[in-house]
Amino acid sequence: QVPFTVLQGEGVEYLGHANDAVIAISNYRLHIKFKDSVINVPLRMMESVECRDMFQLHIVCKDSKVIRYLCHFSTFKQCQEWLKRLTRAIARPAKPEDLFAFAYHAWCLGVCVDEEDQHAHLCRPGDHVKYRFEMELVRMGFDLQNVWRVSDINNNYKLCSSYPQKLLVPVWITDKELENVASFRSWKRIPVVVYRHVRNGAVIARCSQPEISWWGWRNADDEYLVTSIAKACALNPGVKVSGSVPHTGSGDSREPCDADFDSSLTACSRVENSGTPQKLLILDARSYTAAVANRAKGGGCECEEYYPNCEVVFMGMANIHSIRNSFQYLRAVCSQVPDPSNWLSALESTKWLQHLSVMLKAAVLVSSAVDREGRPVLVHCSDGWDRTPQIVALAKILLDPYYRTMEGFQVLVESDWLDFGHKFGDRCGHQEKVEDQNEQCPVFLQWLDAVHQLLKQFPCLFEFNEAFLVKLVQHTYSCLYGTFLGNSPCEREMHNIYKRTCSVWSLLRAGNKNFHNLLYMPGSEQVLHPVCHVRALHVWTAVYLPASSPHPLGQDDMDIYPPPGSQSQEFSGRCLDRLPKTRSMDDLLSACDSSSPLTRTSSDPNLNNHCQEVRVGLEARHTTTEGAELYLGEG
Amino acid sequence: EIHIKEPIEKEVNPHLLPGELLLCEASTVYKYIQEDGSNRGSYGKLVCTNFKIAFLDDSASDDNELQFKNKIVGENDITLQCVDQIYGVYDEKKKLLTGQLRKYPEKLIIYCKDLRVFNFCLRYTKEEEVKRIVSGILHHSQTPKLLKRLFLFSYASAAPNNTDGRNQTVMFDTLEDWRDELERTKGNVKYKAVTTNEGYKVSEKLPSYFVVPICVSEESILNLPIYITWSMFFVQIWCWSCHNGAALLKMSAFPKEQDDIASQTQKAFLDGIYKTISKPPYELLKMDDLSSSLPSLQDIQTAYTRFKQLFLIDNSTDFWATDVKWFSLLESTNWLEIIRRVLKKAIEVAECLERQQTNVLLIEESATDLCCVISSLVQVMMDSYSRTKSGFQSLIQKEWVIGGHGFLDRCNHLHKSDKEEAPVFLLLLNCVWQLVQQYPPAFEFTETYLTVLSDSLYVPIFSTFFFNSQHQKDTSTSGESLKTQSGPFRFLTVWDWSVQFDPKAQAFLNNPFYAEKPKPDKSQRKTARFKHQRQLSLPLTQAKSPMKRGFFREETDHLIKNILGKRIGKFINSSDELPNSFREFYDSWHSKPVDYHGLLLPRIDGPEIKVWAQRYLRWIPEAQLHGGGTIATAAKILDLMEEVQSLQEKMDEECSQAV
């Protein structure tokens, strides 16, 4: 009777028939099954539902899809009834436990006898994530004896609730001084180090804006800390200081397009002098005017005179309100799509790609300051939890091939986004009780879009494929996994979310072949120099326009592509609907396949859930490998 | 013998092709790497030959090996036909240079048709050298030229082409080629190849051999008065037959002013044909007057001129300034919109052929411009053979080269008249590129192939794109041969890719992801091509056709009346019922999985029509991706393919050993 296989912990709450379809609402999704197509959307993915023209359900999704469903209900009343049910279902939860992730996890545990083992498999994304802080310290080669130290001042989040518990600062900065600095920075988000370039020792640090206010306050400890970061870099220089051989870009000599002028530029502009500290670059993500305007609210920006050996640069990135508007325009434009008349100018007017371009430019600025000039960089915006992680995390991807692997990317998201308090709950609109639309903004989605642009530009340098990013977008909003619940690490710990929900990395784990980029060249040390002008940027069709999205190479083709020498199959392939085969109702695999909101749109049938793998384990793996081989064997 | 070796050791000499003559040169010319104010660049010699303008870098080192290199046209070579516009800079002011000059510029900017931009500084060059080189370049690249002066002829006489040149491409210059094509498409049931025009007895426009409805007798063509047959495609010329028997035909439109006798004769002639066709079982024929349903050549030329301007960027300030309003600039050129309209038209035609099983007759004034675009596109979409490299090349031969597209005039190779210029062939390549990027596995060739093909339009060592018609080629070939007494010229064809690229570079032209059709047996090449059955699963609205069959007579009458009355324009337009059936056809096809060997319809919604970045952005330094982009990807893919192949070989070896 229920037209889909329910997930663990999922219960159908309403089930009804319209003339041409079966419609169902569970505690996780809305499902409408037509004769030959399906609409399948997680409830939390929906931003709003309304009824238009009497009989049309108009659903706006947080990932920019707009679903128009003309229901052929017999009466208007019936349609209203469904609308009411749906509106109730997508209202913000009263408490975190109402989110489906908790039920899902609990039931997954329930069905398994070997509870401990199952829990480990479901929750734990792996040791590389669990011990990320320690492992990153080692990987990036911080000298924790003489130059840097890990401060425990934020143990139990007692200094700053939106920061991680362990903070990395120069060794000579005392906790007392840190406390002083905290009083001067918005939300006590003090400058701490998050990345070190192994080759030249330059670091990236992040913080929130200084609270200068109209009075022009200063804080000696803050000035001391900021300049100390540059000094510390000089004391802990890179491992290959000699610098006679340019490292940049030429790390892998097989790179065909790797022009020599790049590396020569690097060689001449880099000053390899470990004695004097390089001038620290303070990158303020805002425009100068926005930064000054913030003084009215008690914020502001660093004054170059008070911070010796520092340079302040403003990037002019728009705030969340502009980005939200831009996104809403983009959604509106994309939902009009079959009408092509003015697509280009409409796209331009959304400014989405222009915003992306600025973000990429900021990241390139950071990465070239670090890599080419060996300069330490301090990045901040106003609060340091939206634009700052965008820039920092992107720059880290440009600089360090580790973050382009699946494991590294998980570490990156966990540390730069989750640990440093990007407010996923507010931004994605699944925080309990809050109804403030003004806090919502697809900041993380925008960043994933930027990563997608990089992936498009460097198709051989990422271990994961586009499907990986698309899935991540979906599960940022679906609330099937607990990873992106809550606003800060403190909050997630308070609600014990790590223990009571599953991690999205269990789906997007490195072992999942569906998300592997077949063109990946491991071992390339190349620093990415992307082009960031609007001409080179693409609309992310797989997310914003999935209905018309072409199948990206190397992903879907292997599924719809008939094996060689099977003409009969080819024929039947035509008759099949675009429904991926994982969707057939009696298929166990689909039990966990929850994530694609729209069938026609879910261009990636690469779904593969951990549950399935627990049960059918090897079998699933076998099929995918086969697919990959087949794909390659074609030409 | 042409140039004497200078005693100076550092002297760099131009690499000259057979038949190439050094005309003038200038030394200590400074070439900017990038016009960004940084003045980075290098000194060298600027030379002009009867083939190209070349910059010979003094400091050039040979170790700078490019992965993808053209053997004929180097990095700093501009063939004379590739020069688009030349500007001179006088006191920081840019001025278009044409013809005679009174004052010589201090800087020379050369915009190329393949969208490269060269900046040469002449400030350090001797005055008389400047005069000589600038007027030489202007004279040889910008002033009208005789056909005989094309480098093509000097090259062909200096380097006789001894290669067979046939390779896999069907040239369509023999009767057999046409017969084979008829057989391949099963068009031979209703159409036949005729030899009436051998020696161009009937028309100079028509190829020596062509295909007409079986009912047209050769005598009836020969009996037509010369003023009808001489200058146009007066009869329906067959292009291609669909698996269901529906055919794609083309014909010239009737000139507006035609005296009564002429129209009467032609009416009688066409009437005769229609009478024969219209015997039961009736055939449906839909006419499409492309000059009324598609943008004019003028519009296309204007749009392209504006479009290409977006990529001929002088400096990086311009680049960033335009970047902000990039999309609206792009939209205002209208070029992408033209591509969309052309693709849409091709889908409409495909719908008629495939679903309505109706013959389609394309009509255009000359039947050699948009007719070629649409008929080629339809075949690329419907015939998977046209998506192989040799199939595509044969298609270009059939529809364009033999089909009589006026390459010489449309590319303005001889600088005879700007009015005739229109990027019709480029339009086709742009449309095909859209399909290639939407369905990469369906094509045996890559976008790089299309890009180098578009570049080859300006390389005058191949005859392919340097004649207006087959007749012109044949006459100029044989005429010259009397003098040289070396027999007719044997020109190179562009399809011999080894002339331009070594095998390693040629690998980039082939798509490693091509979904090659499984061939049951290699020896049965022809039978392997029957893609038709598979397409039957398409929604065929057969219910519709019988109902319409009765209309044919009427439609024909109507048609002749209209043809001979006014222009055909309004009547033919499919406007009444097409939009709906078109949308239905389009949507239903897109809701099904793609069969890479079957019918292929491009997506034409706004976001799907893109800029061919490889062709248009490749020279802009700001747009270059170090270590990324398509070439790096292609290289990686080729590596992978090699690895797979070697593994396969190893496996086979082990297998055979085990046995």
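Note on naming: letters A, B, ... go to the chains in the order of the sequence lines (proteins, then strands), and numbering restarts at 1 for each one.
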Proximal component of [X], with respect to chain A [non-hydrogen, under 4.5 Å]:
X        : answer
B/Val611 : neither
B/Ser332 : neither
B/Phe319 : both
B/Leu310 : backbone
B/Leu647 : neither

Review point. Most heavy-atom pairs under 4.5 angstrom with chain A, which of B/Asp323, B/Asn510, B/Ile609?
Key: B/Asp323

Review point. Which of the residues B/Lys325, B/Gln648, B/Gln645 is involved in the greatest number of heavy-atom pairs with chain A at under 4.5 angstrom?
Key: B/Lys325

Review point. Given the side-chain rings of A/Tyr520 and A/His516, with only the six-membered ring counted for Trp, is the space between their centroids under 6.0 Å?
Key: no

Name the region of [X], side chain, backbone, both or neither, that has any atom closer than 4.5 Å to a heavy atom of chain B.
X        : answer
A/Tyr544 : neither
A/Gln354 : side chain
A/Val539 : neither

Review point. Between B/Glu337 and B/Lys344, is there a salt bridge with N-O shorter than 4.0 Å?
Key: no

**Study point:** Electrostatic pair B/Asp57-B/Lys31, nearest N-O below 4.0 angstrom
**Key:** no

Revision key, fill the gap. Looking only at A/Leu347, A/Leu353, A/Leu519, the option with the highest number of non-hydrogen pairs under 4.5 Å against chain B is A/Leu519

Review point. Has the side chain of B/Glu331 got a donor or acceptor atom that lies under 3.5 Å from a matching backbone atom of A/Ser345?
Key: yes

Exercise for review: Take the angle between the ring planes of B/Phe307 and B/Phe311 and call it parallel below 30°, perpendicular above 60°, tilted in between.
Suggested key: perpendicular

